[in-house]
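First the structure, in the form of structure tokens, and then the observations on it.
Everything numeric in this text was worked out from a predicted model, so none of it was measured. Sequence lines set the chain letters: A, B, ... in the order given, protein chains first and strands last, and positions in each chain run from 1.
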Amino acid sequence: MAKYQAIKGTYDVMPAEAAAWQHVESVVRRQARAFGFREVRTPVFEDTALFVKGTGEATDIVQKEMYTFTDKGGRSLTLRPEGTPPVIRALVEHSALKESPCVKVFYLAPMFRYERPQAGRLRQHTQFGAEIVGTDSPLADAEVIALLFTTLARLGLSGLTLRLNSVGCPACRPAYRDTLVAHFRPRLDTLCGDCRERIERNPLRILDCKADRDRVQDAPAMTDCLCPACAAHFDRVKALLKGLGVPFAIDKTLVRGLDYYTRTAFEVASQHLGAQDALGGGGRYDGLVEQLGGDPAPGVGFGAGLERFLLAMRNQGVAVPDGPRPDIYVAALGTAASDKAAELCGMLRGKGYACEQDLQGRSLKAQLREANRINARYVLVIGDDELAKGAASLKDMDTHGQREVPFAELADNIEAYCECSCQG
RNA sequence: GUGGAUAUAGCUCAAUUGGUUAGAGCGCUGGACUGUGGCUCCGGAGGUUGCGGGUUCGAGUCCCGUUAUCCACCCCA
């Protein structure tokens, strides 16, 4: 066992897995662009108060999962546990909503939470998130949901379930909350210990308690208690999703763990994951911008875990396209030939080819095996004979064919010999 | 924070009721007309059996501790 290893709940992406990551990232970026979202990048740490205020003091994230430390200036800083508060902070700080009243942004960034690792759950994970700030139109809700859902589809994922709910707004939630408490109060002794506390602190969370799943089914639903505005909003979101062909299921027990959500709440789960089956989730947060010191503005967004994308893809057997193959491998025999090879590699790279050579002075056989291993399209063989003749042997690794090409011609007309996908 | 399982070459795994120099496949590496890959054949390197104690004539196998990993609860991405 190595003396030093990656910290619990973290991991390394080694070159063999990097191709899969790059593929996922490029699909995500392409899709975000297709929907008109622009990228934002914010620092990995923030003032601790941003999350206490934004994410919510009562949430599990803030209460027990944050990596918080004091820097040498005595400031309390926190590695971001989620992406939305930092993004809102940045939009407010840069007055983005004054330049343009409706902003669409996405991010691809690491998040940190002190949790007990298990399948699909880490202490550092990477989130793809998107936010639309500045409009309370149901169009925005539907667009954000469609972005997440179509991205997953583009990645080849199937067996997806989109769960949808509305958690109301400050106008109608308090009344629903009372209704819920009135419903559960007489049945307190049938609930689990956690829920007996939740009824005081946050009764809505009783709804997504797994232990009390059965006892929750006949509880009153938020969707039956929405105020007219929230009900109309929810109806339009559903209609829009139908129009977009995004399948969903109403889940009246879906309650998200962050304090700022209003109205729409959603979650996308995969059949191909373990206990942690949510690929992503989000909702509307119409009070957050004001909460964080900006002029009041509504918003809606989601966060999704890239590690879970990859995990679901692997479990589902989705093939990841190969990365680009190297164009040319230069095999050299002897010191003089190696020097010439270095020179040729430099010239070819200058023309835009992906090109490499042996760095260990190995046998020709070993060099060709290496060229084959990295799936090079062509091999240039250079030895004493070639040096004397002033020409290299150009071998086509696919057709096994080989021909002689003068060094000088190589420089000027390499494209003619390489009718491959080389970008000259 | 709680519970369960696991820990043997780079990787995936073997090793009879505790018993001699801990094996295999893959990978790596060298060779099979001293300069030509994939297939085949032959050879080589590589392990203080996670770490620390204990029981025993003898421990990879049993016991205790510890660390790490995995899975689940909680919660979430």
Side-chain angles (χ1 to χ4, degrees), chain A residues 1-11 14 16 55 59-65 80-84 107-129 148 152 192-195 197-198 202 205 208-211 254-258 266-270 273-282 301-312 329 331-334 337 358 360 362-387 392-402:
Chain A
M1 180 146 307
K3 180 171 181 181
Y4 296 107
Q5 41 187 312
I7 298 302
K8 183 198 282 274
T10 70
Y11 64 97
M14 297 305 285
T55 307
T59 60
D60 279 15
I61 288 180
V62 169
Q63 285 198 331
K64 46 190 196 192
E65 295 177 0
R80 72 174 159 225
E82 60 136 341
T84 303
Y107 54 86
L108 219 42
M111 304 293 160
F112 306 84
R113 293 181 201 171
Y114 190 82
E115 300 200 70
R116 190 78 174 264
Q118 75 184 73
R121 194 173 67 187
L122 298 155
R123 288 187 174 179
Q124 174 178 343
H125 74 281
T126 311
Q127 276 195 23
F128 164 41
L148 175 57
L152 297 173
C192 73
D194 286 339
C195 286
E197 289 181 24
R198 285 182 182 127
N202 192 348
R205 295 212 62 86
D208 70 350
C209 175
K210 283 172 187 168
L254 176 64
V255 179
R256 309 230 76 234
L258 307 179
F266 63 94
E267 208 166 88
V268 179
S270 166
L273 291 176
Q276 310 302 320
D277 66 350
L279 288 162
F302 68 79
L306 289 207
E307 287 81 1
R308 291 187 187 175
F309 290 10
L310 265 333
L311 196 58
Y329 185 91
L333 285 160
D358 169 70
Q360 308 170 77
R362 305 206 295 169
S363 71
L364 181 59
K365 183 197 276 282
Q367 294 187 54
L368 275 159
R369 202 170 30 221
E370 175 70 5
N372 189 65
R373 204 175 62 76
I374 65 176
N375 194 28
R377 180 71 180 84
Y378 290 95
V379 171
L380 274 179
V381 180
I382 304 172
D384 292 339
D385 295 350
E386 284 79 4
L387 285 178
S393 299
L394 179 65
K395 184 182 177 72
D396 183 323
M397 293 296 277
D398 290 352
T399 66
H400 306 240
Q402 192 164 325

Which one, [options], comes nearest to the side chain of [X]?
X: A:Arg205; options: B:C76, B:G30, B:A68; result: B:C76
X: A:Arg113; options: B:U36, B:A77, B:A72; result: B:A77
X: A:Val381; options: B:G35, B:A77, B:C74; result: B:G35
X: A:Gln402; options: B:A77, B:U36, B:G37; result: B:U36
X: A:Ala275; options: B:A72, B:U36, B:G31; result: B:A72
X: A:Ala119; options: B:G37, B:G35, B:A72; result: B:A72
X: A:Glu115; options: B:A68, B:C73, B:A77; result: B:A77
X: A:Lys365; options: B:C28, B:G37, B:G30; result: B:G37
X: A:Arg116; options: B:G1, B:G37, B:A77; result: B:G1
X: A:Asp277; options: B:A77, B:U36, B:C76; result: B:C76

Go through the structure and list residues passing side chain to side chain contact (heavy atoms under 4.5 Å, CB included) with A:Thr126, not counting sequence neighbours.
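Counting only residues at least two positions away or on another chain, A:Thr126 forms a side chain to side chain contact (heavy atoms under 4.5 Å, CB included) with A:Tyr11, A:Trp21, A:Leu306, A:Glu307.
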
So what does [X] touch, heavy atoms closer than 4.0 Å: a base, only the sugar-phosphate, or nothing?
X: A:Gly281; value: sugar-phosphate
X: A:Lys8; value: sugar-phosphate
X: A:Arg123; value: nothing
X: A:Glu386; value: base

[M] and [N], which share atom name [atom1], separated by this distance in whole Å:
N: B:U66; M: B:G30; atom1: C1'; value: 43 Å
N: B:G52; M: B:U61; atom1: P; value: 13 Å
N: B:G27; M: B:G44; atom1: C1'; value: 14 Å
N: B:C64; M: B:A7; atom1: P; value: 15 Å
N: B:G19; M: B:U56; atom1: C1'; value: 12 Å
N: B:A14; M: B:U29; atom1: C1'; value: 24 Å
N: B:G46; M: B:A5; atom1: P; value: 37 Å
N: B:U69; M: B:C74; atom1: P; value: 22 Å

Rounded to whole angstroms, how far apart are [atom1] on [X] and [atom2] on [N]?
X: A:His125; N: B:A77; atom1: NE2; atom2: P; value: 7 Å
X: A:Asp358; N: B:U36; atom1: CG; atom2: P; value: 16 Å
X: A:Leu273; N: B:C76; atom1: CG; atom2: P; value: 17 Å
X: A:Phe112; N: B:A77; atom1: CZ; atom2: P; value: 16 Å
X: A:Leu122; N: B:C70; atom1: CG; atom2: C1'; value: 12 Å
X: A:Tyr4; N: B:G50; atom1: OH; atom2: P; value: 22 Å

Do the side chain of A:Arg121 and the base of B:C74 come within less than 3.5 angstrom through a donor-acceptor pair of N or O atoms?
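Per atom types, the contact qualifies.
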
Would you kindly check whether a donor in the side chain of A:Gln118 faces an acceptor in the base of B:C74, or vice versa, at under 3.5 angstrom?
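Indeed there is one.
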
Student check: side-chain heavy atoms of A:Phe266 and A:Leu148 closer than 4.5 Å
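Sidechains of A:Leu148 and A:Phe266: in contact.
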
Using a 3.5 Å limit on both pairing distances, list the dot-bracket string of RNA chain B from the 5' end; Watson-Crick and G-U wobble pairs count, crossing pairs take [ ], interstrand pairs take |.
(((((((..((((.....[...)))).(((((.......))))).....(((((..]....))))))))))))....

